[in-house]
Amino acid sequence: MSYDHGSIEKKWAKYWDEHETFKCDVHDFSKPKYYALDMFPYPSGQGLHVGHPEGYTATDILCRMKRMQGFNVLHPMGWDAFGLPAEQFAIKNNEHPEGFTRKNIAHFKEQIKTLGLSYDWSKEIATIDPSFYKWTQWIFLQMYKHDLAYVDDIPVNYCPELGTVLANEEVIDGKSERGGFPVIRMPMRQWILKITAYADRLEKDLEGLDWPKSTLEMQRNWIGRSTGVQIRFNIEGKDTHFDVFTTRVDTLFGCTYCCLAPEHPLVKELVSAEQKEAVEKYVSDAAKKSDLMRTSLEKEKTGVYLGATAINPINGKSIPIYVADYVLGSYGTGAVMAVPAHDTRDYAFAKKHDLPIIQVLEGDISNEAMVDDAPHMNSEFANGMNIAEAKAAITKKLVELGAGKEVVNYKLRDWIFSRQRYWGEPIPMMQDKDGKEYPIPEDQLPLVLPELDDYQPTRDGKPPLSKAPDAWLKPTIDGKEYLRETNTMPQWAGSSWYYIRYIDPQNDKAMADPELIEHWLPVDIYVGGQEHAVLHLLYARFWHKFLYDIGIVKCKEPFQKLYHQGMILGANGEKMSKSRGNVVNPDDIVNSNGADSLRLFEMFAGPLNEMKPWSTESLNGATRFIERAFRLVSEEPYTKMISDENSHELDYSYNFLVKKVSTDFENLDFNTAISQMMVFVNDCYKAKSLYKSYLEGFVKLFSCVCPFAGEEMWSLLGHKDSIAYEKWPTYDEKAITLTTVKLAVSVNGKMRDVIEVSKEATQDEVMAKANESAKVQSFLAGHEIKKIIYVPGRILNIVVA
RNA sequence: GCUCGAGUGGCGGAAUGGUAGACGCAAGGGACUUAAAAUCCCUCGCCCUCAAAAGCGUACCGGUUCGAGUCCGGUCUCGAGCACCA
């Protein structure tokens, strides 16, 4: 009987569906819980690509193992379904985006269902369901009530092409992350979430997470914590001052001027009559500059003298004040002390504007700023000190003078949370006639998106919802008329808490039952692409911490263990794309080779977290292995060799297999686990008899990677029920502990021969045996033995003169 | 520029500081077959060989060690992220 993947896969997919094999009873606390989460997909019109099954298969393998190990496994799937493509489709076709989105979801689901993934579909959610986004809105209201949501008129990144505002995080090199359209700065009323209030905890709690190092690093860099000193500079001849922030307070004696950001409130106040015109022009030009222009002029350090001077508090020296757009209004205090000798930016600015440079650390500053550690000079009491000592001494002095204090600054900015779009969760707020903000009453949630005649934003950037019918737009509550908020939430909103909803998706009284939340969180393993290493994960952690503060969740972090699957590249090693013509469609592979082959190939191709090129030859190799394993239980002579008696010839191979696969799966080292399965199957082919219990154990391990073939093999071995909840195989440590070992013998570190000795052999015994080896002898002859290194079971190294 | 990660056969990749190249792909050979495919078995880093032995080999240079793909210092290349953050 040959292996027919088509009929076998259909048969078992149907079986699992009908038997609800993977339905998780979340109320069953009798078993330990295991919550495995995939980053839910955006259901695009293109359908699934071969990258999706990679991460999904990884978590699926873990889930299948955990079920057999007696865990109660929650393994859900859902849809991150708000998003721009559906909105653009709606605008183009003047059709509601929901229909388009639902169609895509149906297609995705159908595709995913062919892959043998053990999802509990009764937990399925979609962020666009009002029953889901009711709670997205509810969380927003709680944030508003805790002063974490506010409106402000701020210069934002407005993208005329998309007709919307983008978060800083969505702007890359002055262009929109999605579409790559130009972005300009312009003031607009926006809802903002105060994520900066959580900056310290978002940073600190990274410690202790089982996450990839690089992702932790990216989060840290994004939060950008830095400790330094805030120094007060008094203005000469005026009863006012400004503060600067510096991480290099040790260089304070080398400060030869100060710079304010163009946005700094003191600029207008301090500017002299002579400089007024030049400064005003500079400031208004800077305001118009988009981020793109600011960065494209990177090397050019422009600025204008303000016509005012400040006093350096450490030595009383008078220094000029400039306004310059290399100083950011949004970081620190929006003002810096400039030390040209030891800061590259200040150096460039000082050279250009002919400002004095005072060296305060020893070293060469003739061509560029000297930023390394060195003894200080020209720094009075700090002379001779290194950076750390000088920092401490100067900070102490500033504190005594009342002119400085240690502070912590973060790069992280507040989260611009509103979008001028239709296809997002309506922000559950409204204004009265005086423009005062009111949250909508919680009992009116969800605030459902109204149908519109057209989904285009207005020309001046007003959201599509401003065209909603009055019945929606102008509600009357308790006799008072309001105007609804017409901004919607960004796509990040739903994904910031969806993992909580999976636990209890039908609940209409709460996000989820509190008892269930406490039991099931945190998520045990979260797998998804590294493209979400910063934004999604940071936002979700922020919301989680807020929910922790208001008592909804009981753990401080949502995702204990995180893993990123690497990209599947085209066969030519380049990223898959239509234009390169190297796209592989998973449907085609499921048809030609079967889902098991696709799963096996993707797991075997290399380490999960690394990029791997597609290879049709390797895919065929995967299929060949499945058939080879299948043959053992389906074809003569192998089936005739299966016995209830153990001939012991596979004892080592089998027990080692179980041990290796168990630990490798746990570590997500699927490629090496699979190679060990191949070794076992090769050993089976060489064996004279096949112990049935070993074959069964193998099939259990194998079924995690190739569930369809695994189920079929299990039934061929005479079992009626699904393999999914069979007991995970155990191994006998004694069977893999050998009494004799093949010991490598080297002379002067070079391997010369291998001898077989008892594991506990003494050095003398081993040396005697080694001396019998002609090969070893030929390297020892005529040399004096100087030293012998013997590591039992590992190596014998003879050092000769 | 800064921060992380990675460089191993023809290819994808294995290797707690201890026999480099497991496993797979590709290639070659054999068995089976009228034949082919499929299957099963064998070979497969380079160099030199009929063969064996020796020699050379984990991007490059150096170091530590009895012993380095693995640890340390430096260089180069590639990938990812950040980017005037004071």
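Atoms considered below: every heavy atom in the structure, side chains included; atoms not considered: hydrogens, waters and symmetry mates. In what follows, every chain begins at residue 1, and chains take the letters A, B, ... in the order their sequences are listed.
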Inset, instruction - Toss me the dot-bracket line for RNA chain B: Watson-Crick and G-U wobble, both under 3.5 Å, 5' to 3', using | for pairs to another strand and [ ] for crossers. - result: (((((((..(((.....[....))).(((((.......))))).((........))..(((((..]....))))))))))))....
Legend entry - A:Y638 and A:Y685 aromatic centres sub-6.0 Å: yes
Legend entry - Nucleotide B:A14, atom P - distance to CE of A:M677 in whole Å: 16 Å
Legend entry - Closest contact, heavy atoms only, A:D753 versus A:S773: OD2-OG, 2.7 Å
Legend entry - Sugar-phosphate, base or nothing in reach of A:S615, heavy atoms under 4.0 Å: nothing
Inset, instruction - Answer with yes or no after comparing the ring centroid distance for A:F670 and A:F665 against a 6.0 Å cut-off, counting only values under it. - result: yes
Inset, instruction - Looking at every strand, decide which applies to A:D346 at a 4.0 Å heavy-atom threshold: base, sugar-phosphate, or nothing. - result: nothing
Inset, instruction - Answer yes or no: does atom NZ of A:K352 have more than 12 heavy-atom neighbours from other residues, nucleotides or ligands under 6.0 Å? - result: yes
Legend entry - Heavy atoms from other residues, nucleotides or ligands near CD of A:E756 exceed 12 (cutoff 6.0 Å): yes
Legend entry - Side chain of A:R624 - closest among B:A15, B:G18, B:C25: B:C25
Legend entry - Syn or anti conformation of B:G9, syn meaning chi within 90° of 0: syn
Inset, instruction - Describe the nucleic acid contact of A:V754 in one word from base, sugar-phosphate, nothing, applying a heavy-atom distance below 4.0 Å. - result: base
Legend entry - Taking every non-hydrogen atom, the tightest pair across A:D243 and A:T333: O-OG1, 2.6 Å
Every protein N/O lying under 3.5 Å from an N/O of nucleotides 2-7 of chain B:
residue, atom, partner, partner atom, Å
B:G5, OP1, A:K213, NZ, 2.4

Inset, instruction - When you get a sec, tell me which of B:C23, B:C84, B:A86 is the closest nucleotide to the side chain of A:F245? - result: B:A86
Inset, instruction - Could you check whether A:K612 gets within reach of a base, just the sugar-phosphate, or nothing at all, counting any heavy atom under 4.0 Å? - result: nothing
Inset, instruction - Would you state whether a donor and an acceptor, one from the side chain of A:K786 and one from the base of B:C66, lie under 3.5 Å apart? - result: no
Legend entry - Under 4.0 angstrom between A:R220 side-chain N/O and B:C82 OP1 or OP2: no
Legend entry - Any A:R628 side-chain nitrogen or oxygen under 4.0 Å from OP1 or OP2 of B:A38: no
Inset, instruction - Under 4.0 Å between any heavy atoms, over every strand shown, what does A:N620 touch: base, sugar-phosphate, or nothing? Just pick one. - result: nothing
Legend entry - Passing candidate, side-chain hydrogen bond (donor to acceptor under 3.5 Å, both in side chains) with A:E54, options A:R599, A:K612, A:Q565: A:K612
Inset, instruction - Just call it for A:R225: base, sugar-phosphate, or nothing, with non-hydrogen atoms closer than 4.0 Å on any strand. - result: nothing
Legend entry - Sub-6.0 Å ring centroid separation between A:F349 and A:Y322: yes
